[in-house]
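One-based numbering, in listed order, for ligands and for the atoms of each.
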Amino acid sequence: PDALDPALRRPGRFDREIEIGIPDEPGRLEILEIHSRGMPFTEDVNLNSIAKVTHGFVGADLESVCREAAMRSLRKILPEINLEESKIPIETLNKIKITAQDFENALKEIQPSALREVYIQKPCVKWTDIGGLEEVKNELKESIEWPLKHADLFSDADITPPKGILLFGPPGTGKTLIAKAVAANSDSNFISIKGPELLSKWVGESEKGVREVFRKARQASPCVIFFDELDSVAPRRSSTGGDSHVGERLVSQLLTEMDGLEDLKGVVVIGATNRPDIIDEALLRPGRFDRLCEVPAPDNEAIKEILRIHMAKKPVDKAVDLDKLAERAKGFTGADIAALVKAAAISAIKEYITVNRNETNNKKLENGIHASNS
Ligand code: ADP
């Protein structure tokens with residue numbers, strides 16, 4: 001609507017504006033019911049739970065979810081159908097049943113269209129994927145996950161949950177990871193914006209970018225907005241210098257949006273920075289990023305846990321001594337440890353390939369010699 005000539009939108013011309021929004025959960029359930037009418041379901045299909053997880057899906061998306069699930073169940077019995085015959089026997093048709101698994105697979109394929117421009121993810125990081133950081137985890141569980149998950153309790157008790165939380169700590173300590181875990185565990189969507197991206201992606205109209213991000217988050221609520229490298233978007237206003245007022249305008253827009261979050265439940269902003277000292281103070285006032293959480297570099301115990309997490313799915317030799325390894329990895333951040341384990345795995349693959357390659361080469365050589373001898 002913003003692209004229309006304002007003259008068209010004034011009273012006397014198009015004088016009513018009706019926004020047709022993205023459907024909410026009950027709306028989605030109704031749409032699903034309509035499009036799955038008459039579909040043969042198995043008993044495990046629960047439209048309620050599908051409606052619950054399809055934030056940001058519009059009617060057309062839900063229709064294609066139903067269609068895709070049906071196509072999947074069809075494909076399963078396709079081999080049994082003789083396409084040469086003019087009629088398909090009723091017993092075969094009766095076998096078509098759409099299962100919850102079909103729906104799950106369909107959901108993997110269909111991207112909600114409301115969420116396309118500002119990229120919205122549905123992360124699947126579990127709390128157990130994060131080593132150490134117990135305090136931060138608990139704090140975030142209480143102040144974000146609970147209000148998003150049990151919004152009714154919080155409104156009954158008349159508590160306004162925090163709107164913004166600022167994570168600060170050295171790079172690679174798991175700030176992004178933890179923000180993703182919050183979103184995943186509260187069944188929320190996740191928008192991740194890097195500060196510098198905001199400045200470059202919407203050149204000359206970064207405020208519009210901020211507006212767009214919040215608009216999308218509202219549509220896709222419950223939603224966690226993650227502003228990484230917040231210091232680059234919102235440095236102290238005086239320190240931006242006189243180059244341009246982009247920073248200043250951006251901060252103002254961010255403040256406006258965060259102040260306006262009151263009436264939109266289900267949107268939480270998590271900021272991350274490694275320089276909390278240079279963040280604009282206005283952002284740290286109550287009602288904005290009013291909680292500061294330190295994400296420290298891991299201690300020995302945490303290092304061990306992170307090692308364990310990253311080694312869990314890898315075929316690690318029993319001789320690997322976790323304690324010794326942790327001792328040597330002193331001072332590593334989570335990202336360093338992840339890189340360490342990855343490098344070790346790659347080196348193991350390299351070894352394997354060289355050994356096996358040489359073996360086959362030798363064999364070939366031997367065979368060759370034998371052959372020529374005979
Ligand atoms: P930050 O946002 O603080 O710079 P990230 O969250 O992007 O750091 O971390 C980068 C990677 O490092 C993660 O994807 C993860 O593999 C690993 N990592 C960091 N911290 C942890 C942790 N506490 N537990 C497990 N993995 C971690």
### N-O pairing of E327 and K324 below 4.0 Å
no
### Message
Taking the basic N atoms (NZ, or NE/NH1/NH2) and the acidic carboxylate oxygens, is any pair closer than 4.0 Å for E305 and R308?
### Response
no
### Query
Under 3.5 Å, is there a donor-acceptor pair between the side chain of T273 and the main chain of E229?
no
### Task
For ligand 1, find out whether one of its N or O atoms is nearer than 3.5 Å to an N or O atom of A338.
no
### Query
Can K141 be said to sit on top of W127's aromatic six-ring, NZ or CZ under 6.0 Å from centre and within 45° of the ring axis?
yes
### Shortest protein contact, atom 24 (N) of ligand 1 (heavy atom only)
G131 N, 2.9 Å
### Query
Considering only protein heavy atoms, which is closest to atom 18 (N) of ligand 1, and at what distance to one decimal place?
G334 C, 3.5 Å
### Query
Do E142 and R291 meet the salt-bridge criterion of a basic N to acidic O distance under 4.0 Å?
no
### Message
I need the nearest protein heavy-atom contact for atom 27 (C) of ligand 1: residue, atom name and distance, please.
### Response
L177 CD2, 3.6 Å
#### Entry: Side-chain donor-acceptor pair present, D336, T333, cut-off under 3.5 Å
yes
### Query
Relative to the heavy atoms of L133, which atoms of ligand 1 are at a distance of less than 4.0 Å?
23 (N)
### R72 bridged to E68 by N-O distance under 4.0 Å
yes
### Query
Against heavy atoms of P171, which atoms of ligand 1 measure under 4.0 Å?
4 (O)
### Part of A335 within contact of ligand 1 (heavy atoms, under 4.0 Å)
both
### Message
Using a 4.0 Å cutoff against the non-hydrogen atoms of I130, which atoms of ligand 1 qualify?
### Response
23 (N), 24 (N)
### Query
Do any N/O atoms on T176 end up under 3.5 angstrom from N/O atoms on ligand 1?
yes
### Message
In this structure, does ligand 1 have an atom that sits under 4.0 Å from one of the heavy atoms of D228?
### Response
no
## Note on the structure
Of V295, I306, V341, I309, the residue with the heavy atom nearest atom 22 (C) of ligand 1 is I306
### Query
Just which atoms of ligand 1 are under 4.0 Å from any heavy atom in D129?
24 (N), 25 (C)
### Where ligand 1 meets G172 - atom numbers and elements under 4.0 angstrom, heavy-atom basis
1 (P), 3 (O), 4 (O), 8 (O), 19 (C), 20 (N)
### Query
Could K304 and D323 be called an ion pair, given the rule that one side-chain N must be under 4.0 Å from one carboxylate O?
yes
### Message
Check the orientation of F103 and F41. Use parallel for under 30°, tilted for 30 to 60°, and perpendicular for over 60°.
### Response
perpendicular
### Task
Return the residue, atom name and 0.1 Å-rounded distance of the protein heavy atom closest to atom 26 (N) of ligand 1.
H310 NE2, 3.0 Å
